[in-house]
Amino acid sequence: MRALAGNAWWEYIKKEMLPHMWCPGCGNGIVLRCLARALAALGLPRHRVVVVTGIGCWGKADDYLRTNALHTTHGRALAFATGIKLARPELVVLVLMGDGDCATIGGNHLIHAARRNVDLTAVVVNNFNYGMTGGQVSATTPRGAVTSTTALGNPERGFDLCKIADAAGANLVARATVYHVPLLERLLREGISKKGFSFLEVVSPCPTHYGRRNRLGTPAEMMRYLKERSLGVHAPAARRGEVPEGYILIGKLAERDEPDFLAAYEQVRQRASGRGERK
Ligand SMILES: Cc1ncc(C[n+]2csc(CCOP(=O)(O)OP(=O)(O)O)c2C)c(N)n1
Ligand code: SF4
C-alpha cells in the first residue's frame, strides 16, 4: 500500500473522549496508540478507514478513533465487516474484537472469514477472559486458570487463535504482546497492507479480573511476565519447533498470497457476464 503524506497519529484519536474508560494497567490503550501510529505511518486518510467493533472493553476502541466506525453486536463484528467490505471494496476495514467476541461467541465467523479470505484486518486483544462483564471464562482461558465462572480452575483447554486462523486459510497470521510495541506496530502495518484476511492476536493484561484472580501481581509485573515469557519466531528454539510450555510465540506466524474473496468473486461475475472462462 502506497504511503500518502497524511495525518500525525494523534489526529486519528478523539482527544475530546479522553480519558478512556479502561482500567489502570489494562493493555487496551497501548494497542489503540499502536493502531493510530500504524494508520498514520501508512498515510491512510481517515475517511477511507472503517473500524468495526464488537462488544467488550476492547470493543469500546471505536469511541476513541477518529475514523468511520460501526459498533456491532457481541460476536458478530466479522459478519458486519464482511458486508461493508463487499459493498465498499475501496475502504480499509479493521475489525477490533476481544477473545470472547472473536473466539468464544464469534468463533464460527472467525473460521469463515479466514476461509473466505475476506480482505479485512482482525485485531484481537486476548486477555484470556471476558473483561467487561466481570472476568468470565472464555475460549482462550488456559486449562486450570481461575475466572469468575471457573473458581476452582478451568477444566477446558484454551484455543490457539493463530493456529485456527492459519488452518482456516488467512493470508497473514501474527501475534504480538502489548510489551512488544515496535513489533505490534509493524505487524499492524503489515496486516493492514496485506490483501486478504489478516489476523493479529495481541496478548494483553486484564489486571482487574484475570490478573487478580490468578495472582499475577501488579500491572508492571504482568508486563514483565509478557516480556520474559515471549519467544520470537526467529529464536533458535522456535525455529526448531520447541516452544516451551506456557511461552508465547510472537512474530509473523504464517503468510500466503491466496486470492481474496473479492478477487475470486470477480471471476464468477466475469463468467456470469460471458466474459470469463467457463469451468
Ligand atoms: C449476544 C450477547 N451476549 C452476551 C453479551 C454480554 N457481554 C458483553 S461484553 C461481553 C464479554 C466481552 O469479552 P471479550 O470479548 O473477551 O472482550 P473484553 O471485555 O475482554 O475486551 C459479554 C459476554 C452481549 N452484549 N451480547
Ligand atoms: S476489565 Fe480488564 S479488559 Fe476491561 S478495561 Fe479493565 S483491565 Fe481492561
Side-chain angles (χ1 to χ4, degrees), residues 13 17-35 51-65 69-81 94-111 113 120 122-142 145-150 154 156-162 164-165 175-179 184 199-226 248:
I13 302 285
M17 293 294 285
L18 300 177
H20 56 63
M21 52 81 70
W22 297 313
C23 307
C26 178
N28 288 347
I30 297 173
V31 190
L32 184 77
R33 179 175 168 154
C34 287
L35 185 55
V51 168
V52 183
T53 53
I55 307 293
C57 295
W58 176 231
K60 292 291 284 177
D62 62 289
D63 283 4
Y64 310 113
L65 285 164
L70 187 68
H71 189 57
T72 70
T73 48
H74 193 43
R76 305 292 176 257
L78 282 166
F80 284 94
L94 312 176
V95 197
L96 311 185
M97 298 167 285
D99 48 279
D101 211 357
C102 171
T104 315
I105 186 167
N108 209 35
H109 291 291
L110 170 64
I111 57 175
L120 305 171
V123 183
V124 179
V125 172
N126 183 5
N127 55 24
F128 305 105
N129 73 169
Y130 284 6
M132 178 169 268
T133 42
Q136 294 88 350
V137 70
S138 127
T140 61
T141 308
V146 177
T147 69
S148 63
T149 47
T150 57
N154 180 21
E156 301 174 3
R157 291 170 294 177
F159 270 143
D160 181 328
L161 296 182
C162 289
I164 293 175
R175 186 187 290 116
T177 82
V178 293
Y179 176 81
L184 174 53
F199 182 85
L200 176 57
E201 176 185 353
V202 188
V203 179
S204 175
C206 171
T208 301
H209 296 301
Y210 192 80
R212 188 168 50 84
R213 287 199 175 85
N214 291 285
R215 301 179 192 281
L216 299 178
T218 63
E221 284 165 338
M222 291 185 77
M223 287 296 262
R224 192 173 308 120
Y225 181 91
L226 292 179
I248 306 163

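Both backbone and side-chain heavy atoms feed into the values below; hydrogens, waters and symmetry mates do not. Order of listing sets the numbers, starting from 1, for every ligand and every atom in it.
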Inset, instruction - Show your working on side chain to side chain contact (heavy atoms under 4.5 Å, CB included) between Ile248 and Glu201 and close with a plain yes or no. - result: CA-CA 11 Å; Ile248 306 163; Glu201 176 185 353; over 6 Å; no

Inset, instruction - Among all protein heavy atoms, pick out the one at the shortest distance from atom 14 (P) of ligand 1; state its residue, atom name and that distance to 0.1 Å. - result: Gly100 N, 3.6 Å

Legend entry - ligand 1 contact on Thr133 by region, counting heavy-atom pairs under 4.0 Å: side chain

Inset, instruction - From atom 17 (O) of ligand 1, work out which of Gly98, Ala139, Ala77 has a heavy atom at the shortest distance. - result: Gly98

Legend entry - Pair Thr53-Asp62, side-chain donor/acceptor within less than 3.5 Å: yes

Legend entry - Structural part of Asn129 in contact with ligand 1, heavy atom criterion under 4.0 angstrom: backbone

Inset, instruction - Indicate whether the side chain of Ser138 and that of Asp99 have a donor and an acceptor atom separated by less than 3.5 Å. - result: yes

Legend entry - N or O contact, Gly59 vs ligand 1, cut-off under 3.5 Å: no

Legend entry - Under 3.5 Å side-chain donor-acceptor pair for Asn126 and Thr140: yes

Legend entry - Those atoms of ligand 1 less than 4.0 Å from some heavy atom in Ile55: 8 (C), 9 (S), 12 (C), 15 (O), 25 (N)

Inset, instruction - Quick one: look at Val125 and ligand 1, take heavy-atom pairs under 4.0 Å, and tell me if it's side chain, backbone, both or neither. - result: neither

Inset, instruction - Could you tell me whether Met132 and ligand 1 have an N or O pair separated by under 3.5 Å? - result: yes

Inset, instruction - Could you tell me whether the side chain of His109 and the main chain of Leu78 form a donor-acceptor pair under 3.5 Å? - result: no

Legend entry - Val52 side chain near Leu94 side chain, heavy-atom distance below 4.5 Å: no

Inset, instruction - Would you check the N or O atoms of Asn28, main chain and side chain alike, for any that come under 3.5 Å of an N or O of ligand 1? - result: no

Legend entry - Heavy-atom nearest neighbour of atom 26 (N) of ligand 1 within options Arg76, His74, Met97: His74

Legend entry - Test item: Thr73 side-chain N/O and Arg76 main-chain N/O as donor-acceptor pair under 3.5 Å: no

Inset, instruction - Give the C-alpha distance, both sets of side-chain angles, the deciding distance and a yes or no for side chain to side chain contact (heavy atoms under 4.5 Å, CB included) between Val123 and Met97. - result: CA-CA 6 Å; Val123 183; Met97 298 167 285; over 6 Å; no

Legend entry - Under-2.8 Å protein N/O/S neighbours of atom 2 (Fe) of ligand 2, ordered by chain then residue number: Cys206 SG

Legend entry - Tyr64: ring pair (Phe, Tyr, Trp, His ring centres under 6.0 Å) partners, not counting sequence neighbours: Trp22

Inset, instruction - Determine yes or no for a side-chain-to-main-chain donor-acceptor pair under 3.5 angstrom, with Asn154 supplying the side chain and Thr150 the backbone. - result: no

Legend entry - Heavy atom of the protein closest to atom 21 (O) of ligand 1 (residue, atom name, distance): Trp58 N, 3.0 Å

Inset, instruction - Assess Thr104 for proximity to ligand 1: is some non-hydrogen atom of it under 4.0 Å away? - result: no

Inset, instruction - Flag Gly56 as yes when one of its N or O atoms lies below 3.5 Å from any N or O atom of ligand 1, and as no otherwise. - result: no

